[in-house]
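One structure is given below, encoded as structure tokens.
All values derive from a computational prediction rather than experimental measurement.
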Amino acid sequence: MRKPFIKPAAFALLGGTSLSSFLAAAPLTLDEQVVTATRSERPVRASLAATTVIDREEIERSQARSVPELLRKVPGVTLSNNGGPGKNTTLFMRGAESDHVLVLIDGVKVGSVSAGLTAFQDLPVELIERIEVVRGPRSSLYGSEAIGGVIQIFTRKGGGDGRAKPWFSAGYGTHDSYEGSAGVAGGDDKAWYNLGVSSQDTDGIDALNARNSYHESDDDGYRNLSGNLRAGYRFDSGLELDGALMRAKGHTDLDRVSPIPGGGLNANADNEQRLAGGRARFSPLELWDVTLQAGRSEDLALNELGGLFGSRFDTQRDSASWLNDLTLAEGHVLTLGYDWQRDKLSSSTVFDKDSRMNRGWFAQYLGEYGRQDWQLSLRRDDNEQFGTHDTGSAAWGYALTDAVRFSLSYGTAFKAPTFNELYFENFGDPNLKSETSESFELGLAGQHTWGHWSANAFRTEVEDLIAFTGPSFQARNVDSARIDGLELVLGSQWLGWDWQANATLLDSENRGHDESRGNQLPRRAQQVFNLDLDRRFSKLGLGATLHAEGRRFDDVENDDRLAGYATVDLRGEYWLTEEWRLQAKVTNLLDADYETALDFNQPGQAVYFTVRYQAL
């Protein structure tokens, strides 16, 4: 079940002088373990961050067919898609740029070194155990890119009672869409493993609409084949080893590349994500925990025109980290860490530079006293190309009552320009400076017997923001940008239905000293609203989702305005046995016609059916 926690500080020490009274009211939400907010496994109550968790139960109940479909319901998130399944999808968190979000898979940093983006559309949703989304600046823990926040995806892990437990799903739907997944998981208290494969094949929709001169009236299909292996073992000495492998390969058809009607060449793209990572955890002393992690991620992109070679971008990211958690006293933990990262690019396009290295040292202090708790962190990054960057953050929370908490936070962050932004021909600018930011946030949240609520107001100011303008979309540093936002969350149970609602109000203003000053930053919806309803009737489960977004602009100049829209999805599932269930879903029930990127269509009404098996 998805559990949103929209607050700079998690609920902690609520109720007089201790945490116990609050835990009695809400044991499930606060005891859930999260990693991303502090880089160490801790219960939500010990996490000083604005965090949303999407677990396997929620993934299956929502019947989401892609990672973007899951993420678009997270507060503070806006997505832009270029024409349906498998097409390029960019994510904006709290109004920051699409490359201002750091993405990890099983602790390994991923994404294209050249473009600075993660191919969310290609990640296999059926192979995911849970997703943690942390909003707000996190450069003081992770370094470059974490201006808007951090998303960490965990693949299926396994474990249990020692038996091998197979799982399986198969589905069919509109646009001649086929989906399938299968795997086996197992293990016990000391060992765990999961091996899985997933596939998807759809005719897709006509990606471009007729207003675009490159439009070709046809369906632009998508195929994906993915697999992953994750396994680990915990020795009697306490040493814990964990490793993961993942490969996701997608093929997408695109419209012609010539504006001449009926002319030009058919285009298609092959994209592949590869990941290999390992982690070791042990305790040299009772109060000292050490985590060593290393991994490699690769983003491979091949574009073809008329069946012939067009372009190639192969990027590689090697990373390693050393974390030390020192328990100074009960409720007081000092973390000292070191990160090493090397990015490398190989491409058919010539770049002036094709590799760079970054080293980072950081310290974090988590503490609590009476009704208060806090998180302080400092970091220095030494980038081979852009020199040193110092970042820091501070968050403080105070329990006003047994059920209501106030919080305050401040943080700085930065992002080094990508290779495309610097060197791509007729697009990049080698004189670009790193983007820097500072953010302030106020939060008020409550946890009650009837449910939970929260309100977070934030302001982020970005200096030297990189934007793209002109007919060639030239990269340039905007003087500054100011982003103001408000996130509201309400969750409850009423008349037997589980209700989860959130709303985001956003004002992302260009503060540069040119003709674009005062304009909204492109492709960020100014209002977003999500409502989920779910109920279980014995063997029958029913649910609905309302997703609505306000207007947005597609360009820096704000000449191209995209209207707001709303979609309604209905879903149902029936348990044949405890292991077998049938699912059905209707997406975009009212057949809303809308765009999230100029001239790119979005899917209309569609129906999907799925059968699932999970051995118990």
| query | For the side chain of Thr418 and the backbone of Ser114, is there at least one donor-acceptor N/O pair under 3.5 Å apart? | reply | yes
| request: Test Ser454 against Asn456 for side-chain hydrogen bond (donor to acceptor under 3.5 Å, both in side chains), laying out the working first. | output: CA-CA 7 Å; Ser454 62; Asn456 273 27; 5.2 Å; no
| message | Any non-hydrogen side-chain atom of Ile151 less than 4.5 Å from a side-chain atom of Val101? | response | yes
| task | Salt-bridge test for Arg296 and Glu298: reply yes if a basic N is under 4.0 Å from a carboxylate O, no otherwise. | result | no
| Glu384 side chain to Met357 backbone, donor-acceptor under 3.5 Å | yes
| note | Shortest non-hydrogen pair, Tyr193 vs Gly187, comes out as CE2-N, 3.7 Å
| Any donor-acceptor N or O pair under 3.5 Å, side chains Ser40, Thr38 | no
| message | Are Val134 and Val34 packed together at the side-chain level, in the sense that at least one heavy-atom pair is separated by less than 4.5 angstrom? | response | no
| Listed partners of Arg524 passing salt bridge (Lys or Arg N to Asp or Glu O under 4.0 Å), at least two apart | Glu97
| remark: CG of Leu127 to CZ of Arg156, rounded to nearest 0.5 Å, is 7.5 Å
| said: I'd like to know if Asp339 and Lys109 make a salt bridge, using a cut-off of under 4.0 Å between side-chain N and carboxylate O. | reply: no
| field | Minimum heavy-atom distance between Arg359 and Trp340, given as atom pair plus value | value | CG-CD1, 4.2 Å
| said: Can a donor-acceptor pair be found, under 3.5 Å and without considering hydrogens, that links the side chain of Asp188 to the backbone of Gly162? | reply: no
| said: If you apply the rule salt bridge (charged side-chain N to carboxylate O under 4.0 Å, His left out), what do you find for Arg234 with Glu240, and how did you get there? | reply: CA-CA 4 Å; Arg234 185 181 300 109; Glu240 181 180 301; 3.1 Å; yes
| said: Less than 4.5 Å apart, side chain to side chain, heavy atoms only: is that true for Ile483 and Arg94? | reply: no
| Between the side chain of Glu132 and the main-chain N/O of Val35, is any donor-acceptor distance below 3.5 Å? | yes
| Backbone N or O of Ala413 within a donor-acceptor pair of the Thr391 side chain at under 3.5 Å? | no
| said: I'd like to know if the side chain of His332 reaches the main chain of Glu368, judged simply by a donor and an acceptor atom lying under 3.5 Å from each other, with no hydrogens or angles considered. | reply: yes
| said: If you apply the rule side chain to side chain contact (heavy atoms under 4.5 Å, CB included), what do you find for Phe92 with Ser80, and how did you get there? | reply: CA-CA 8 Å; Phe92 303 90; Ser80 178; 4.1 Å; yes
| request: Any chance you could measure Thr388, atom OG1, to Asn383, atom CG, to the nearest 0.5 Å? | output: 10.0 Å
| message | I want to check something: taking the side chain as every heavy atom from C-beta on, are Gln273 and Asp299 in contact at a cut-off of under 4.5 Å? | response | yes
| query | How close do Leu71 and Leu91 get, heavy atom to heavy atom, and via which atoms? | reply | CD1-CD1, 3.6 Å
| field | Geometric cation-pi criterion, Arg356 with Phe419: 6.0 Å, 45° | value | yes
| message | Whether the side chain of Thr504 engages the backbone of Gly76 through a donor-acceptor N/O pair (distance < 3.5 Å, no angle test) should be reported. | response | yes
| said: For Asp318, is there an ion pair with Arg342 - N to carboxylate O distance below 4.0 angstrom? | reply: yes
| query | What distance do Ile131 atom CD1 and Thr36 atom OG1 have between them, rounded to the nearest 0.5 Å? | reply | 10.5 Å
| task | Please answer whether the main-chain N or O of Val133 pairs with a side-chain N or O of Thr52 as donor and acceptor at a distance below 3.5 Å. | result | no
| task | Might you point out which heavy atoms bring Met246 and Pro124 nearest each other, and give the distance in Å? | result | SD-CD, 4.4 Å
| remark: From the list Val108, Leu323, Asp106, side-chain contact (heavy atoms from CB on, under 4.5 Å) partner of Gln293 resolves to Val108
| Separation of Asn510 CG from Asp479 CG (nearest 0.5 Å) | 8.5 Å
| request: Could you check Phe362 against Tyr142 for side chain to side chain contact (heavy atoms under 4.5 Å, CB included), going step by step and ending with a plain yes or no? | output: CA-CA 9 Å; Phe362 65 93; Tyr142 290 97; over 6 Å; no
| query | Between Ser140 and Ser393, is any side-chain donor less than 3.5 angstrom from a side-chain acceptor? | reply | yes
| note | Checking Thr291, Asp325, Leu292, Leu241 against Arg281 for side-chain contact (heavy atoms from CB on, under 4.5 Å), the one that qualifies is Thr291
| task | Would you check, one step at a time, whether the test side chain to side chain contact (heavy atoms under 4.5 Å, CB included) holds for Ile105 with Leu123? | result | CA-CA 10 Å; Ile105 297 179; Leu123 299 180; 4.1 Å; yes
| query | So, Asp242 and Arg230, do they make that salt bridge, N to O below 4.0 Å? | reply | yes
| Between the side chains of Trp322 and Asn324, does any donor sit under 3.5 Å from an acceptor? | yes
| query | Does CZ in Arg380 sit with more than 12 non-hydrogen atoms of other residues, nucleotides or ligands closer than 6.0 Å? | reply | no
| message | As an exercise, state the distance from CD of Glu425 to CZ of Phe351, rounded to the nearest 0.5 Å. | response | 10.0 Å
| So, do Val110 and Leu275 sit near enough that their side-chain heavy atoms are less than 4.5 Å apart? | yes
| message | Quick check with a 6.0 Å cut-off and a 45 degree axis cone: is Arg459 positioned over the face of Phe440's six-membered ring? | response | no
| request: Establish, from distance only, whether the side-chain atoms of Ser439 and Thr460 form a donor-acceptor pair under 3.5 Å. | output: yes
| Can you find a pair of side-chain heavy atoms, one from Leu326 and one from Leu287, that are under 4.5 Å apart? | no
| query | Is the shortest side-chain N to carboxylate O distance from Arg317 to Glu145 below 4.0 Å? | reply | yes
| query | Run the side chain to side chain contact (heavy atoms under 4.5 Å, CB included) check on Tyr423 and Thr349 step by step: do they pass? | reply | CA-CA 10 Å; Tyr423 306 120; Thr349 300; over 6 Å; no
| said: Once you measure the plane-to-plane angle for Tyr338 and Trp361, does it fall in the parallel (<30°), tilted (30-60°) or perpendicular (>60°) bin? | reply: tilted
| Ion pair present between Arg56 and Glu126, side-chain N to carboxylate O less than 4.0 angstrom? | yes
| Ion pair Arg135/Glu487, N-O distance below 4.0 Å | yes
| message | Taking Glu57's backbone N and O only, do any of them form a donor-acceptor pair with Asp55's side chain (distance below 3.5 Å, no angle check)? | response | yes
| request: Please confirm whether the backbone N or O of Gln33 pairs with a side-chain atom of Glu41, one donor and one acceptor, at under 3.5 Å? | output: no
| Quick one: CZ on Phe458 to OG on Ser409, what's the gap to the nearest 0.5 Å? | 11.0 Å
| query | If we only count heavy atoms from C-beta on, is the Asp343 to Gln385 side-chain gap below 4.5 Å? | reply | no
| field | Taking every non-hydrogen atom, the tightest pair across Gln121 and Asn88 | value | NE2-CA, 3.9 Å
| task | Please name the pair of heavy atoms, one in Asn420 and one in Phe313, separated by the smallest distance, quoted to 0.1 Å. | result | OD1-CE2, 4.5 Å
| query | So do Ser144 and Ser139 actually touch side chain to side chain, heavy atoms under 4.5 Å? | reply | no
